Amino acid sequence: MGFFNWAAPAFGHFADRWSHETIREVAGWLDSYLVADDATQNKILDVGGGTGALATRLHEVTNAQVTVLDPTPQMLRYISKDGPVTAVLGVAEEMPFKDDAFDVVIVTDAFHHFRDQPGAIQEFRRVIRPGGGVLVVELDPRGLVMRAIVLAEKLLGEPGAFFTPDQMCHFMSQHGISGTCTKMSGASYRFVGDVQAS
Ligand SMILES: C[S@@+](CC[C@H](N)C(=O)[O-])C[C@H]1O[C@@H](n2cnc3c(N)ncnc32)[C@H](O)[C@@H]1O
């Protein structure tokens with residue numbers, strides 16, 4: 001996580017890469033999990049949500065309550081205390097939330113940074129209500145450019161624990177979340193899955 005301490009200003013600057021159109025698309029992927037009659041009662045948790053750029057825009061589009069959990073204070077400080085998004089310091093592997101507290105957990109460009117991915121999934125299943133869902137946006141590590149990125153992350157002390165889409169679907173289903181992976185632009189893909197009853 002040391003890397004994000006010093007990289008936070010760059011993320012503060014460039015993290016708001018979410019156009020209105022993209023956010024509408026992201027909200028669409030979450031639609032089937034945000035089912036409260038009163039949209040303000042829906043609850044989204046953005047794990048590794050960093051500066052809160054996505055969380056803020058998702059709140060604007062869905063009206064849901066959005067919480068960002070991140071272990072890097074330098075990233076979280078970009079989230080205004082008076083704004084609609086709640087910033088919480090902590091790691092995916094040990095979340096300071098009650099059981100069944102959220103309708104959906106989202107993770108964008110952060111899953112490969114988790115040092116204990118099975119532990120994180122166990123926590124996802126604990127904090128997501130029965131019938132809730134998980135959205136993970138990740139990068140497929142295959143290809144020359146991506147292999148260079150994986151190497152660079154490892155050299156920076158990050159786990160660089162990337163999955164191909166097939167590996168992601170398999171890993172998730174092994175840990176009780178069944179879903180599908182869909183290719184997006186460039187090396188990105190998304191996993192959307194349902195939490196199976198334990
Ligand atoms: C590349 S940034 C992505 C930020 C944001 N999700 C986005 O898409 O712009 C990765 C984030 O993961 C966070 N992170 C690293 N290890 C984590 C962990 N174990 N649990 C939760 N977040 C973690 C970092 O602090 C950082 O903010």
Side-chain angles (χ1 to χ4, degrees), residues 1-23 25-27 29-30 44-61 66-80 83 85-97 101-102 104-128 134-141 145-146 148-163 168 171 175 184-192:
M1 270 159 278
F3 166 67
F4 289 104
N5 288 331
W6 60 262
F11 278 95
H13 226 80
F14 300 113
D16 197 0
R17 59 187 190 274
W18 310 95
S19 69
H20 195 68
E21 198 181 48
T22 315
I23 292 295
E25 228 181 314
V26 176
W29 305 332
L30 306 179
I44 301 173
L45 174 63
D46 185 355
V47 180
T51 61
L54 171 61
T56 304
R57 298 224 178 271
L58 258 185
H59 164 77
E60 287 164 7
V61 167
V66 190
T67 302
V68 169
L69 176 77
D70 200 285
T72 310
Q74 288 85 343
M75 297 287 269
L76 288 178
R77 77 185 166 86
Y78 288 91
I79 300 174
S80 163
V85 170
T86 307
V88 177
L89 190 68
V91 290
E93 296 87 340
E94 199 177 346
M95 300 194 196
F97 303 117
F102 299 94
V104 68
V105 160
I106 64 173
V107 189
T108 62
D109 200 15
F111 197 73
H112 57 272
H113 292 289
F114 299 168
R115 286 173 199 274
D116 174 9
Q117 290 165 322
I121 297 298
Q122 206 176 319
E123 279 293 79
F124 289 7
R125 294 188 63 197
R126 184 183 67 75
V127 303
I128 296 170
V134 174
L135 164 69
V136 177
V137 176
E138 261 297 336
L139 293 165
D140 184 336
V145 174
M146 275 309 300
I149 288 174
V150 175
L151 181 64
E153 288 213 359
K154 290 191 178 195
L155 289 172
L156 286 165
E158 287 298 307
F162 292 87
F163 291 117
M168 176 66 83
F171 175 83
H175 292 90
M184 294 161 53
S185 62
S188 295
Y189 68 92
R190 67 176 178 275
F191 168 84
V192 181

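Whatever order the structure lists them in is the order used to number ligands and atoms, beginning at 1. The structure presented is a predicted model; accordingly, all values stated were derived computationally and were not measured.
With ligand atoms numbered from 1 in the order given, ligand 1 contributes 3 (C), 5 (C), 6 (N), 7 (C), 8 (O) to contacts under 4.0 Å with heavy atoms of Thr108. For ligand 1 and Gly50, the ligand atoms under 4.0 Å from any heavy atom of the residue are 27 (O). Per-residue contacts place Ala110 under 4.0 angstrom from the following atoms of ligand 1 (heavy atoms of the residue considered): 10 (C), 12 (O). Interface atoms of ligand 1 facing Phe114, defined by a heavy-atom separation under 4.0 Å, are 17 (C), 18 (C), 19 (N), 20 (N), 21 (C), 22 (N), 23 (C). Every atom of ligand 1 with a heavy atom of His113 under 4.0 Å away is listed here by number and element: 1 (C), 10 (C), 15 (C), 16 (N). Listed by number with element, the atoms of ligand 1 under 4.0 Å from a non-hydrogen atom of Thr72 are 24 (C), 25 (O).
Between the side chains of Glu138 and His112, a donor-acceptor pair is found at a separation under 3.5 Å.
Between Gly48 and ligand 1, an N or O atom pair is found at a separation short of 3.5 Å. In terms of polar-atom proximity, Asp70 is counted as a contact of ligand 1, with an N or O under 3.5 Å from an N or O of the ligand. Taking only nitrogen or oxygen atoms, main chain and side chain alike, Ala92 reaches within less than 3.5 Å of ligand 1.
Across every non-hydrogen atom of Pro71 and Val91, the tightest pair is CB-CG1, 3.7 Å. Residues Glu123 and Ala92 share a closest heavy-atom pair of CB-O, 3.4 Å.
The side-chain heavy atoms of Phe171 and Pro118, taken from C-beta on, include a pair separated by under 4.5 Å. You'll find the side chain of Val47 stays beyond 4.5 Å of the side chain of Ile106, heavy atoms only. You'll find the side chain of Val137 stays beyond 4.5 Å of the side chain of Phe111, heavy atoms only.
Residue contacts with ligand 1, taken as heavy atom pairs separated by less than 4.0 Å, involve Met75 solely via side-chain atoms from C-beta onward. When non-hydrogen atoms are compared, ligand 1 lies under 4.0 Å from neither the backbone nor the side chain of Arg115.
A distance-only check finds a donor-acceptor pair linking the side chain of Arg126 to the backbone of Met95 [under 3.5 Å].
Aromatic ring pairs are classed by plane angle as parallel below 30°, tilted from 30° to 60° and perpendicular above 60°; the pair His113 and Phe4 is perpendicular.
Considering only non-hydrogen atoms, atom 3 (C) of ligand 1 lies nearest to Asp109 out of Thr51, Asp116, Asp109, Val47.
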